[in-house]
Amino acid sequence: MERTVRGKVAVVGVGETPYYKRGQAPDAEFKLALKAIISACNDAGISPKKVDGFASFSNDRSDPSRLANALGCNDLRFSNMQWGGGGGGGSGAIANAAAAIATGMAECVVVFRALAQGQFGRFGQGPRSNAVAGAGALTIPYGLMSPAQSFAMKVNRFMHDHSVKQEALRAISLASYHHAQNNPRAVMHGRPLDEEKYDASRWIVEPFHLFDCCQENDGAAAMVLVPAERARDFPHTPTYILSAVSGSHYRAGASAHNTPDYATSTFKTTVPRLYDMAQVGPSDVDVAQIYENFTGGVLMSIVEHQFCEPDECNTFFTKENLIAPKGRMPINTSGGNLAECYMHGLGLNIEAVRQLRGESTNQVPNVEVSLVASGPMVTPVSSSIFGSEATL
């Protein structure tokens, strides 16, 4: 018996709220979630009452029972949250929702993420506490406090091991900002970036300049998933889930930066499963959305998703190779977490769907296979691959 979600689930609706700078959302976080879900249902041409499941990730505070009540859902059959990993749960939530649909546990599941950092606390800041316990006790007292500081250590090790130059990180940032200039939804729309401005920007922590770091935004995003046999009942070009996986390698969660395989984006064991389920390889991928908490994570994710070898990074990572429509591997075509918005990465999955629909503001021609890598350098991470009807 074949056990897979490949071709069994379709994305039929996507929706977002406007995106705001951290702390500036005019609505409560729960209301933002409702707005995004209603927008996704409108895109799918269905009533929110038809939704019977919800999936999210990373301790989302918008409880499914409250959502179902507020939306008037007729029957709540499935509710799920991907543990841990921050943005590493973006594709994991899609995997969970797809599994529920493929096994008959639900018929119409919304994957969503809502953030209002001004109301609940800031992700990019170190902890504010008079005491610390657990793994943090081995790092925080010595100044290793923020995500940027923690992830910089892994990236520095990778760059040292493979002689990667700063220009490779710069190319990733330039590509994201380039794409944002064509995307009116992007927070950085109208705020272009060039090499001189990047180089002159302040260091956050080496090797990350200001423009190597993701934004901190408020807002919400949502996707509507249904069984594949129903895909043609909806108004948009059908988009099918070819694979969605999550996980991490041996002792990836070892505390105090003590994992045996240190300089990694944590995708080494998940990527073979990703391609095996999708029945495609890296050469089949037309466009990719790669989670940028920091540009160094993109660098390692691209390598671990087998688009280039570690020692090829200096030649592969150029702006020309990374931008739509004709780059060797166009990435983050909405502007991504760096320049569209930071919605814990779910916006990347929405952009993957838009590419297959032919609706991106930076459209790659003739897209059949669209890949998303969610949350590098955390555990667990996740990835997903979406395909057109021709790929089934």
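Note that this is a predicted model, so its numbers are computed, not measured.
For the residue pair Asn293 / Tyr342, no side-chain donor-acceptor distance below 3.5 Å is found, with atom types taken as modelled. Residues Tyr177 and His179 bring no donor and acceptor atom of their side chains to less than 3.5 Å of each other. Under 3.5 Å, the side chains of Thr333 and Gln355 contain a donor-acceptor pair of N or O atoms. Side chains of Ser62 and Glu29: no donor on one and acceptor on the other come within 3.5 Å. A donor-acceptor pair shorter than 3.5 Å cannot be found between the side chains of Thr264 and His249. A donor and an acceptor atom, one from each side chain of Ser334 and Glu351, are nowhere located under 3.5 Å apart.
Within a 6.0 Å radius of CH2 in Trp203, more than 12 heavy atoms belonging to other residues, nucleotides or ligands are found. The environment of Arg230 atom CZ is dense: over 12 non-hydrogen atoms of other residues, nucleotides or ligands sit within 6.0 angstrom. Heavy atoms from other residues, nucleotides or ligands lying under 6.0 Å from NZ of Lys8 number more than 12.
No donor-acceptor pair closer than 3.5 Å links the side chain of Ser39 to the backbone N or O of Gly15. Under a 3.5 Å cut-off, the side chain of Thr259 and the backbone N or O of Arg251 do form a donor-acceptor pair. Under a 3.5 Å cut-off, the side chain of Arg6 and the backbone N or O of Leu392 do not form any donor-acceptor pair. A distance-only check finds no donor-acceptor pair linking the side chain of Asn182 to the backbone of Asn362 [under 3.5 Å]. The backbone N or O of Leu338 sits less than 3.5 Å from a side-chain atom of Gln215, completing a donor-acceptor pair. Side chain of Asn156 to main chain of Ala152: a donor-acceptor pair is present (N/O by atom type, distance under 3.5 Å, no hydrogens or angles). Under the 3.5 Å distance criterion, the side-chain polar atoms of Ser382 are matched with a main-chain donor or acceptor of Gly88. Between the side chain of Asn314 and the backbone N or O of Ser163 there is at least one donor-acceptor pair closer than 3.5 Å. Glu16 contributes no side-chain N or O that, together with a main-chain N or O of Ala36, makes up a donor-acceptor pair within less than 3.5 Å. Of the possible donor and acceptor atoms, one in the side chain of Gln363 sits under 3.5 Å from a partner among the backbone N and O of Ser360.
For the pair Arg61 and Phe30, the NZ or CZ position fails the cation-pi test of under 6.0 Å to the six-membered ring centre and within 45 degrees of the ring normal.
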Item to check | Residue pair Phe267, Ser301: steps toward the side chain to side chain contact (heavy atoms under 4.5 Å, CB included) verdict | outcome: CA-CA 7 Å; Phe267 289 106; Ser301 298; 3.3 Å; yes
Item to check | Lys319 vs Glu195, salt bridge (Lys or Arg N to Asp or Glu O under 4.0 Å): CA-CA, chis, key distance, verdict | outcome: CA-CA 10 Å; Lys319 178 183 175 183; Glu195 292 184 0; over 6 Å; no
Checklist entry - Between Lys21 and Val187, is a side chain to side chain contact (heavy atoms under 4.5 Å, CB included) present by the stated rule, with each step listed? => result CA-CA 8 Å; Lys21 185 177 179 179; Val187 174; 5.8 Å; no
Item to check | Trace of the side chain to side chain contact (heavy atoms under 4.5 Å, CB included) decision for Tyr275 with Leu371 | outcome: CA-CA 10 Å; Tyr275 288 134; Leu371 178 145; 3.7 Å; yes
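Interatomic distance, CD of Gln289 versus CG of Asn337, reported as 10.5 Å (0.5 Å rounding). Distance OH/Tyr20 to CG/Leu115: 13.5 Å, rounded to 0.5 Å. Rounding to the nearest 0.5 angstrom, the gap separating the CG atom in Asn183 from the CE atom in Met188 is 13.0 Å. Within the model, atoms CZ of Phe317 and CZ of Arg170 stand 14.5 Å from one another, a figure rounded to the nearest 0.5 Å. Put simply, CZ on Phe294 and CG on Leu169 are 12.0 Å apart, with the number rounded to the nearest 0.5 Å. A distance of 8.5 Å separates OG of Ser58 from CE of Met81, quoted to the nearest 0.5 Å.
Residue Tyr250 is not grouped with residue Val381 when hydrophobic side chains (ILVMFWY) are merged at heavy-atom distances under 4.5 angstrom, including chains of intermediate members. Residues Phe211 and Ile331 share a hydrophobic cluster, clusters being chains of Ile/Leu/Val/Met/Phe/Trp/Tyr side chains in contact below 4.5 Å. Neither Met153 nor Val378 shares a network with the other; the hydrophobic side chains, linked directly or stepwise wherever heavy atoms of I, L, V, M, F, W or Y lie under 4.5 Å apart, form separate groups for each.
Taking the six-membered ring where the residue is Trp, the centroids of Phe158 and His160 are separated by 6.0 Å or more.
Ring orientation note: the planes of Phe112 and Phe54 are nearly perpendicular, at an angle over 60° on the 30°/60° scale.
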